[in-house]
S.K.: 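My questions will all concern the structure given below.
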Amino acid sequence: MKTTVEKLTLDEQKNKEIIKAAATLIQEGSLVAFPTETVYGLGANALNPEASRKIYEAKGRPSDNPLIVHISSMEDLGRIARHIPPKARQLAARFWPGPLTMIFEKSEAVPLETTGGLQTVAVRMPSHPAALSLIREAGGFIAAPSANTSGRPSPTTAGHVAEDLDGRIPLILDGGPVGIGIESTIVDFSEEPPLVLRPGYITPAMMQDVIGAVEMDPALGQESADMRPKAPGMKYRHYAPKAELILVEGSPQRVQAKINSLAREALDKGMGVGIIGTEETRGCYQEGVFQSIGTRQEEESIARHLYGILREFDKLEVDVIYSESFSSPGLGQAIMNRMLKAAGHCVIEA
Ligand code: AMP
Ligand code: MG
């Protein structure tokens with residue numbers, strides 16, 4: 001299959017035509033990759049079981065890993081979800097459109113192919129204007145996981161999508177680099193208090209300000225057979241770079257010293273070494289290939305560059321990557337969640 005890449009530009013009329021053609025493909029049951037504010041999504045008509053099946057096939061995604069259904073208006077929520085609690089409406093009023101996914105009991109309209117066999121459905125209203133137009137034009141319901149091959153870092157540019165899916169899908173909409181760079185926060189409303197199944201840009205503190213108590217899935221960050229995360233996708237090793245990734249925790253000085261000594265040892269063994277640091281530590285590492293992930297002054301910059309840097313290191317073909325850690329209470333929680341998965345939970349205390 002030939003994959004076409006269409007660039008979205010500032011020309012409103014041209015964009016309209018591109019999005020209309022993309023929406024027609026979705027209505028016909030085909031797949032279209034498109035930008036959202038979090039990461040690029042691989043979209044299909046969420047109400048068409050055949051179309052959803054194509055997503056699993058193109059990504060190589062395990063069939064028990066449900067898809068998030070993207071909507072463009074509050075009215076449409078009632079068509080796919082049952083028993084929408086007032087707290088969910090309050091969060092929607094505050095954070096939609098935006099990087100928040102909520103889980104509800106599903107209606108008859110949603111096929112089990114879309115929900116990975118579950119009786120619940122995950123729903124999000126993205127804020128990216130092109131995503132919203134595409135959803136509206138395509139009939140209102142687009143199932144879209146991240147547009148990467150399963151197990152690879154999520155795509156934050158159209159180029160990343162092409163790296164993984166070229167030849168497997170008919171169309172990629174190129175809206176430039178995304179704004180946030182990590183996937184949405186997921187909250188489950190079939191529990192009380194509501195349960196965060198995946199941390200993201202919208203933090204528990206931000207939600208608590210609106211609806212009071214919110215809890216974290218106790219299985220998050222644990223790796224054991226009896227602690228199963230409630231979001232099926234969270235149990236898979238994700239975002240994995242080809243090289244071994246090792247996170248180093250501790251005070252900034254100790255982390256730098258530890259990474260320098262680990263890098264020296266690995267180089268002595270003839271290994272290719274990568275180092276992930278920040279603008280603050282540029283120049284602090286003597287060995288290996290250094291990449292700055294962003295600045296600690298602005299955590300958003302770290303989230304935005306995370307997946308791109310992991311992909312960059314795949315191209316540089318290093319054998320091991322040592323990274324600083326980012327476990328602050330705010331956005332750092334979501335960043336660390338993704339990094340721990342990429343590292344297969346390999347953490348060293350400095
Ligand atoms: P992705 O779209 O690739 O970011 O993956 C979607 C995430 O949402 C996966 O971790 C899924 O397991 C999770 N998810 C989607 N639907 C549900 C659901 N009904 N219940 C629990 N988790 C869900
Ligand atoms: Mg994904």
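Each ligand, and each atom within it, is numbered from 1 in the order the structure gives.
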S.K.: Below 2.8 Å, any N, O or S contact between Asn148 and the Mg ion (ligand 2)?
M.R.: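 So Asn148 does not count as coordinating the Mg ion (ligand 2).
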S.K.: Does either side chain, that of Ser190 or that of Glu105, offer a donor lying less than 3.5 Å from an acceptor on the other one?
M.R.: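 No.
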S.K.: Which pairs pass side-chain hydrogen bond (donor to acceptor under 3.5 Å, both in side chains) with one or both residues in residues 40-52, sequence neighbours excluded?
M.R.: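 Counting only pairs at least two positions apart or across chains, the side-chain hydrogen bond (donor to acceptor under 3.5 Å, both in side chains) contacts touching residues 40-52 are Glu50-Arg53, Ser52-Thr114.
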S.K.: Quick one: does any side-chain atom of His305 pair with a main-chain N or O of Ile293 as donor and acceptor, under 3.5 Å?
M.R.: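 Here the side-chain-to-backbone pair exists.
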S.K.: Can you tell which part of Leu118 has a heavy atom less than 4.0 Å from ligand 1: side chain, backbone, both or neither?
M.R.: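 For Leu118, the contact with ligand 1 is made by the side chain alone.
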S.K.: List for me each residue that meets side-chain contact (heavy atoms from CB on, under 4.5 Å) alongside Val5, sequence neighbours excluded, and say none if there are none.
M.R.: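 side-chain contact (heavy atoms from CB on, under 4.5 Å) check on Val5 returns Ile172, Asp174.
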S.K.: Does ligand 1 have a heavy atom under 4.0 Å from the side chain of Lys59, from its backbone, from both, or from neither?
M.R.: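 It is neither part, as no heavy atom is under 4.0 Å.
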S.K.: Mark yes or no for whether Arg296, through its side chain, and Ile302, through its backbone, hold a donor-acceptor pair below 3.5 Å.
M.R.: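 No, the answer is negative, given that no donor and acceptor are paired below the 3.5 Å cut-off.
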S.K.: Does Lys106 reach ligand 1, in the sense of a heavy atom lying below 4.0 Å from it?
M.R.: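 Distance cut 4.0 Å: Lys106 fails for ligand 1.
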S.K.: Taking a cutoff of less than 4.0 Å between a non-hydrogen atom of the residue and any ligand atom, is Thr115 in contact with ligand 1?
M.R.: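 Under 4.0 Å: no for Thr115.
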S.K.: Under a single-linkage definition using a 4.5 Å side-chain heavy-atom cutoff for Ile, Leu, Val, Met, Phe, Trp and Tyr, are Ile276 and Val255 assigned to the same hydrophobic cluster?
M.R.: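 Looking at the clustering, Val255 is in a separate group from Ile276.
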S.K.: Determine whether the side chain, the backbone, both or neither of Val39 has a heavy atom under 4.0 Å from any heavy atom of ligand 1.
M.R.: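 Contact part for Val39 vs ligand 1: neither.
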S.K.: Glu183 and Ser146: side-chain donor and acceptor closer than 3.5 Å?
M.R.: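 Absent: no donor and acceptor within the cut-off.
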S.K.: Shortest non-hydrogen contact from Asp314 to Lys242?
M.R.: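 Taking every non-hydrogen atom into account, OD1-N, 2.7 Å.
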S.K.: Look only at interatomic distance and state if Lys230 has a nitrogen or oxygen under 3.5 Å from any nitrogen or oxygen of ligand 1.
M.R.: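 Looking only at distances, the answer is no, because the N/O contact criterion of under 3.5 Å is not met.
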S.K.: What do we get for Asp188 next to ligand 1 when only non-hydrogen atoms under 4.0 Å count, side chain, backbone, both or neither?
M.R.: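 Looking at Asp188 and ligand 1, no heavy atom falls under 4.0 Å.
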S.K.: Considering only heavy atoms of Ala122, which atoms of ligand 1 have at least one such atom less than 4.0 Å away?
M.R.: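 Listed by number with element: 15 (C), 16 (N), 17 (C).
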S.K.: Quick one: which of Pro66, Gly116, Pro62 has a heavy atom closest to atom 14 (N) of ligand 1?
M.R.: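 It is Pro66 whose heavy atom sits nearest to atom 14 (N) of ligand 1.
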S.K.: Should you measure from each heavy atom of Ile186, which atoms of ligand 1 turn up under 4.0 Å away?
M.R.: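 Under 4.0 Å from Ile186, ligand 1 has these atoms: 7 (C), 8 (O), 13 (C).
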S.K.: Any idea which atoms of ligand 1 are less than 4.0 Å away from a heavy-atom of Thr120?
M.R.: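 Once the distances to Thr120 are compared, the set is 18 (C), 19 (N), 20 (N).
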S.K.: Please determine, by modelled atom types, if Thr156 and Arg311 share a side-chain donor-acceptor pair under 3.5 angstrom.
M.R.: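 Absent: no donor and acceptor within the cut-off.
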S.K.: Can you list the atoms of ligand 1 that are under 4.0 Å from a heavy atom of Asn65?
M.R.: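 So the answer, numbered in order with elements, is 9 (C), 11 (C), 12 (O).
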S.K.: When you compare ligand 1 with Glu183, is there at least one nitrogen or oxygen pair between them that comes in under 3.5 angstrom?
M.R.: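 The answer is no, given that Glu183 and ligand 1 share no N or O pair closer than 3.5 Å.
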